[in-house]
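One structure is given here, and the rest of the page talks about it.
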Amino acid sequence: DTAVSQTPKYLVTQMGNDKSIKCEQNLGHDTMYWYKQDSKKFLKIMFSYNNKELIINETVPNRFSPKSPDKAHLNLHINSLELGDSAVYFCASSQLVVRGETQYFGPGTRLLVL
Amino acid sequence: AQKITQTQPGMFVQEKEAVTLDCTYDTSDPSYGLFWYKQPSSGEMIFLIYQGSYDQQNATEGRYSLNFQKARKSANLVISASQLGDSAMYFCAMREGLKAGGTSYGKLTFGQGTILTVHP
């Protein structure tokens with residue numbers, strides 16, 4: 001009955017590799033997000049999709065490419081991984097049209113680039 | 001400029017006592033929402049409480065209440081009757097008004113977080 005799920009939970013990889021993180025929500029929400037939490041625990045928005053359309057792209061390097069095949073899924077593909085990409089990546093979802101909508105977060109994916 | 005400021009890097013409280021975690025925000029948007037999330041050591045982000053800028057009353061959810069002072073732009077979280085399981089990092093976040101075609105469309109801006117430790 002997980003509301004927002006992410007896979008994998010842990011990802012350890014070498015610099016230069018390409019990797020993907022998958023996110024799925026079963027809440028029927030129309031908007032999904034990717035956030036990055038750095039080593040100092042600071043959380044920052046990366047992308048947001050509303051009804052499969054990109055609506056927020058916060059100056060993220062173009063090595064990061066989100067893809068939303070449908071409203072319930074938002075995947076994140078990262079090319080040519082760098083050491084600085086090591087972080088926890090959170091997926092979230094909300095129903096945007098409702099005033100006061102709450103964003104529900106997935107469990108996070110801990111990425112370590114060696 | 002910081003939009004959300006949490007000035008307390010760490011707080012300590014005795015079990016069963018109340019604790020207030022501070023949060024101030026900065027926005028010129030008349031429509032915004034304020035959120036508190038809890039992040040335990042296991043890492044997940046747990047939604048606690050929400051306050052809308054137009055809400056007349058302070059939000060409450062069980063042991064959590066939000067002390068919303070609009071003129072001072074503060075949204076402090078009050079946890080009553082602290083429990084050992086409340087030990088975690090707490091984040092204040094703001095969602096500014098929805099702007100069609102604008103970049104603040106629903107995104108949350110987070111503060112730096114406050115680590116709360118509950119002592120037995």
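A note on names: the letters A, B, ... follow the listed sequences, proteins ahead of strands, and every chain is numbered from 1.
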- Query: Within a reach of under 6.0 Å around NZ of K70(B), are more than 12 heavy atoms found that belong to other residues, nucleotides or ligands?
  - Reply: yes
Does K22(A), at its NZ atom, have more than 12 non-hydrogen atoms belonging to other residues, nucleotides or ligands within less than 6.0 Å? no
Are [X] and [Y] linked, directly or through other ILVMFWY residues, by side chains that come within less than 4.5 angstrom of each other?
X	Y	answer
L54(A)	L76(A)	yes
M11(B)	I4(B)	yes
I55(A)	M46(A)	no
L66(B)	Y25(B)	yes

Minimum heavy-atom distance between [X] and [Y], given as atom pair plus value:
X	Y	answer
L108(B)	I45(A)	O-CB, 4.5 Å
F91(B)	Q37(A)	CZ-NE2, 3.5 Å
F42(A)	F110(B)	CE1-O, 3.6 Å

Under 4.5 Å to a heavy atom of chain A? For Q39(B) that would be side chain
Bottom line for T109(B): the part with an atom under 4.5 Å from chain A's heavy atoms is neither
Output for pair (F47(B) CZ, T102(A) OG1), nearest 0.5 Å, gives 3.5 Å
**Prompt:** Below 4.5 Å, heavy atoms only, C-beta onward: do M45(B) and L43(A) meet side chain to side chain?
**Reply:** yes
